[in-house]
Amino acid sequence: MELDDRKVTILKAIIKTYLETGEPVGSRTISKYTDLQLSSATIRNEMSDLEEMGYILQPHTSAGRIPSDKGYRFYVDRIMQEKDQEVTEVKELMIKRVDRLELVLKKLAQLLANNTNYAAMISGPQYHHNKLKFIQLSQIDPHKLLVVTVVEGNLIRNKVVTIQEEISPEELLNLNIMLNSSLNGLTIDEINLGVISRLKEQAGSHSQVIDLVLNEVAAVIAADEEDLPIYTSGATNIFKYPELSDGEKASQLIHTLEQKEMLQELITDVNHSEEDSGIQVYIGEETPLQAMKDCSIVTANYELGEGIRGTIGIIGPKRMDYERVLRTLRNLMRQLDTTFKNDDGKG
């Protein structure tokens, strides 16, 4: 059995009505909602087919229908189209120039929570996908080197490492030239075994230094990932939705939104599955976190120039207003892109 135009129209009407009311939807409501001019009996037959196909559910024998996760997924993937309208509230509240990135992100989290009436989270920028810009080795004493690592976004980290063999100034200069000519412009993922083997071969007796430098670069990236700040807002908005305001469910959700480690797990899962800065929608059991299995999560990656990225997430009930949320996120991504490109141009 396939979804013909009539079934699609009825499914769309059920979902839209349920999003608005939160109540099971009956055939009589649909007959008034659509312009198909079908009898309630015909609509009931179509609804029965939709239920058999798994797109809607009947929570009680005498009740109307509600969308299933499969129904929501169809709505997100096939029915909902991107709107061209601008969200004026977002445009008016958008960042102008804030000195500290932390304030920008906190403001954005509040803005998204207020604009959508759901919970919002934003992670601080992650640097682990950035390209290396520069590595500098400087000698402190015969057995200690200062390793300075610079990545895109001008993130700088210094580390003192201990070496076994002594290195002459000329050898140190050659190592600096070799490291920068081989590694500049590469991401961490691109520094593969082949690159490492060539560097060690070129370094000869000083191949240990290559190991120490690359371990330090990896440690810099790992430390940034562990220290990732996450800002949340609107957690109490979940109490507005009866299906999430049950004591135990609400407590679990609030606890999850307060736990940085759990949100980092969510962001890691999202980043592994997202392509570029595309918007992703996770419905019900699709959500990476068990505590959010009764929710939908809409995520997107933002970029603040030079490849510095973070993740934005909106968490709400499965009957969330997907059109509004997607429209808000798309508008936000455009505004961020415009704002930071303009700022770069002014700088």
Side-chain angles (χ1 to χ4, degrees), residues 98-105 123-230 264 267-268 271 276-277 301-311 340-341 343-347:
V98 185
D99 290 334
R100 297 180 61 201
L101 181 58
E102 177 184 352
L103 297 180
V104 173
L105 298 177
S123 72
Q126 295 168 280
Y127 299 90
H128 63 290
H129 292 305
N130 281 15
K131 296 176 181 178
L132 285 170
K133 290 181 72 173
F134 186 66
I135 293 174
Q136 175 68 47
L137 307 182
S138 303
Q139 195 143 29
I140 298 175
D141 66 36
H143 292 285
K144 290 190 185 297
L145 292 179
L146 174 65
V147 181
V148 180
T149 306
V150 184
V151 298
E152 278 189 327
N154 291 325
L155 175 72
I156 302 173
R157 291 289 185 270
N158 302 322
K159 177 73 174 183
V160 176
V161 298
T162 301
I163 58 175
Q164 295 177 358
E165 73 277 11
E166 294 187 12
I167 298 180
S168 69
E170 183 181 1
E171 288 173 323
L172 189 62
L173 175 61
N174 288 335
L175 280 175
N176 273 310
I177 293 171
M178 182 182 67
L179 283 165
N180 282 288
S181 62
S182 299
L183 301 179
N184 281 2
L186 297 185
T187 65
I188 298 302
D189 293 336
E190 290 170 338
I191 304 175
N192 54 35
L193 289 175
V195 173
I196 296 171
S197 296
R198 284 194 299 274
L199 282 171
K200 284 187 171 183
E201 186 178 344
Q202 292 171 19
S205 61
H206 298 308
S207 61
Q208 181 215 12
V209 177
I210 302 300
D211 277 333
L212 291 172
V213 170
L214 294 181
N215 286 341
E216 177 50 30
V217 170
V220 167
I221 302 307
D224 282 320
E225 193 167 349
E226 289 171 5
D227 296 336
L228 180 68
I230 299 175
Q264 282 184 335
I267 288 168
T268 299
N271 286 335
D276 299 323
S277 58
N301 282 335
Y302 67 82
E303 189 166 334
L304 303 182
E306 291 201 7
I308 303 173
R309 287 183 176 182
T311 301
F340 281 89
K341 276 186 178 176
D343 284 350
D344 289 343
K346 292 173 186 174

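All residue numbers in this chain count up from 1 along the given sequence.
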Validation row: Q136, N180 side chains within 4.5 angstrom (heavy atoms): no
From CA spacing to verdict: side-chain contact (heavy atoms from CB on, under 4.5 Å), E165, V209: CA-CA 9 Å; E165 73 277 11; V209 177; 3.9 Å; yes
Closest contact, heavy atoms only, E166 versus H206: O-CE1, 3.7 Å
Minimum-distance pair of heavy atoms, taken over all atoms of L137 and N176: N-OD1, 2.7 Å
Minimal non-hydrogen separation, L105 against S123, with atom names: CD1-O, 4.0 Å
Non-hydrogen atoms of I163 and K144 that approach each other most closely: CG1-N, 4.4 Å
Heavy-atom side-chain contact between N215 and V161 under 4.5 Å: no
Verdict with supporting geometry, L179 and I210, side-chain contact (heavy atoms from CB on, under 4.5 Å): CA-CA 8 Å; L179 283 165; I210 302 300; 3.8 Å; yes
Over all atoms of both residues, closest heavy-atom pair of L183 and L199: CD2-CD1, 3.8 Å
S138 (side chain) donor-acceptor with L146 (main chain) under 3.5 angstrom: no
From I135 atom CD1 to T149 atom OG1, the distance as rounded to the nearest 0.5 Å: 5.5 Å
I167 vs L175, side-chain contact (heavy atoms from CB on, under 4.5 Å): CA-CA, chis, key distance, verdict: CA-CA 10 Å; I167 298 180; L175 280 175; 4.0 Å; yes
Spatial distance of atom CG (D211) from atom CD1 (I196) [nearest 0.5 Å]: 8.0 Å
